[in-house]
Amino acid sequence: MHVAIIVDSSLPIGLIANTVATIGIGIGSIESGLGGTALTDAVGRTVRTSSNRPVPILQANAEVIGALLLRALPAPTDSVLVPFPKFARNLHQFAEYLNEFPLRDLEGEIIEGIGLAGPEKWVRSLTGNLKLLR
């Protein structure tokens, strides 16, 4: 399982952080084996691990991310695809998002970020030419 998150690097830093965090939660909720292992330190304090593998945060503009989303669909059955469409940022209740999403065509939406988890060949075929976010 290979993981990558791509985000629109023109967004303000706070929106980049929010986009990456929400995509990461989406991927992790589906692929629970990516992290969350309990570890206990020498004096008995137990915590959970973060990801158990690298998660590169790559950059692209919204146009490239939208095209990447369409290329990635349909995702292979052993893969996870988590988009973050711009319209979601204006919805403050998850129920609103659930109601609004079926009314939208992702091809016509601005996509501010996307998360991919799946076979390395599939993820790299989609992200191989993208640069790390810096």
Side-chain angles (χ1 to χ4, degrees):
M1 175 78 50
H2 196 73
V3 180
I5 296 175
I6 304 93
V7 67
D8 183 347
S9 58
S10 71
L11 294 171
I13 190 70
L15 296 183
I16 288 174
N18 175 261
T19 301
V20 169
T22 57
I23 289 170
I25 289 172
I27 292 171
S29 70
I30 296 166
E31 288 295 330
S32 59
L34 294 175
T37 303
L39 292 176
T40 304
D41 73 5
V43 296
R45 292 177 288 240
T46 300
V47 297
R48 296 290 179 160
T49 63
S50 58
S51 179
N52 59 16
R53 66 202 65 224
V55 181
I57 309 302
L58 307 171
Q59 63 179 323
N61 63 39
E63 183 178 318
V64 169
I65 295 170
L68 178 69
L69 172 64
L70 296 177
R71 280 186 36 225
L73 290 169
T77 57
D78 56 347
S79 302
V80 178
L81 179 90
V82 179
F84 190 98
K86 182 177 181 175
F87 75 84
R89 202 167 300 286
N90 297 321
L91 305 174
H92 302 290
Q93 300 293 323
F94 187 64
E96 293 177 89
Y97 182 69
L98 293 177
N99 290 331
E100 185 67 25
F101 193 92
L103 305 175
R104 302 291 185 130
D105 176 353
L106 289 177
E107 186 171 359
E109 296 295 331
I110 296 170
I111 308 298
E112 294 184 337
I114 188 171
L116 305 166
E120 184 175 357
K121 184 177 179 180
W122 178 68
V123 174
R124 287 197 188 278
S125 73
L126 295 166
T127 63
N129 63 341
L130 299 177
K131 295 182 180 181
L132 283 172
L133 178 67
R134 300 201 184 264

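Count residues from 1 along the sequence.
- The line from CG of L11 to CD of E112 is 4.5 Å long, rounded to the nearest 0.5 Å.
- Of the possible donor and acceptor atoms, one in the side chain of R53 sits under 3.5 Å from a partner among the backbone N and O of M1.
- A donor-acceptor pair under 3.5 Å links the side-chain atoms of E96 to the main chain of Q93, judged by distance alone.
- Here the straight-line distance linking atom OG of S79 with atom CD1 of I30 works out to 11.0 Å at 0.5 Å rounding.
- The two residues L81 and L69 make their nearest non-hydrogen contact at CD2-CD1, 3.5 Å.
- The structure places CG of L116 at 7.0 Å from OG1 of T127, a figure rounded to the nearest 0.5 Å.
- Under a cut-off of 6.0 angstrom, the local environment of CG in L106 is crowded, with over 12 non-hydrogen atoms contributed by other residues, nucleotides or ligands.
- In the hydrophobic clustering of this structure, I111 does not group with V80; members are Ile, Leu, Val, Met, Phe, Trp, Tyr whose side-chain heavy atoms approach within less than 4.5 Å, directly or through other members.
- The two residues I27 and A117 make their nearest non-hydrogen contact at CG2-CB, 3.8 Å.
- V123 and A4 make their closest contact through CG1-CB, 3.9 Å (heavy atoms, listed as atom of the first residue, atom of the second, distance).
- Under a hydrophobic-cluster definition in which Ile, Leu, Val, Met, Phe, Trp and Tyr are linked whenever side-chain heavy atoms come within less than 4.5 Å, directly or via other members, V82 and I65 are assigned to different clusters.
- Smallest separation of non-hydrogen atoms from R89 and H92: O-CE1, 3.8 Å.
- Separation of atoms CD1 (I114) and CG (D8) is listed at 13.0 Å; rounding is to 0.5 Å.
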Stepwise side chain to side chain donor-acceptor pair (under 3.5 Å) check, S9 with R134: CA-CA 9 Å; S9 58; R134 300 201 184 264; over 6 Å; no
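- Side chain of N18 to main chain of G14: no donor-acceptor pair is present (N/O by atom type, distance under 3.5 Å, no hydrogens or angles).
- If you take CD1 on I6 and CD1 on I23, they are separated by 8.0 Å, rounding to the nearest 0.5 Å.
- The 12-atom threshold is exceeded at CD of E100, counting heavy atoms of other residues, nucleotides or ligands nearer than 6.0 Å.
- Side-chain atoms of Q59 come within 3.5 Å of backbone N or O of L132 as a donor-acceptor pair.
- Scanning all heavy atoms of the two residues, the minimum distance from V3 to P56 falls at O-CD, 3.1 Å.
- Between the side chains of R71 and S125, no donor N or O sits under 3.5 Å from an acceptor N or O.
- A72 and W122 make their closest contact through O-CZ2, 3.8 Å (heavy atoms, listed as atom of the first residue, atom of the second, distance).
- The main-chain N or O of T37 is found under 3.5 Å from a side-chain atom of T49 such that the two form a donor-acceptor pair.
- By the rule that hydrophobic residues join a cluster once side-chain heavy atoms approach within less than 4.5 Å of another member, L58 and V7 end up as members of separate clusters.
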Derivation and outcome, side-chain contact (heavy atoms from CB on, under 4.5 Å), residues V64 and N61: CA-CA 5 Å; V64 169; N61 63 39; 3.3 Å; yes
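- Following chains of ILVMFWY side-chain contacts shorter than 4.5 Å, one cannot reach V20 starting from I25, and the two form parts of different hydrophobic clusters.
- Annotation: the span from E109 atom CD to F84 atom CZ amounts to 12.0 Å, rounded to 0.5 Å.
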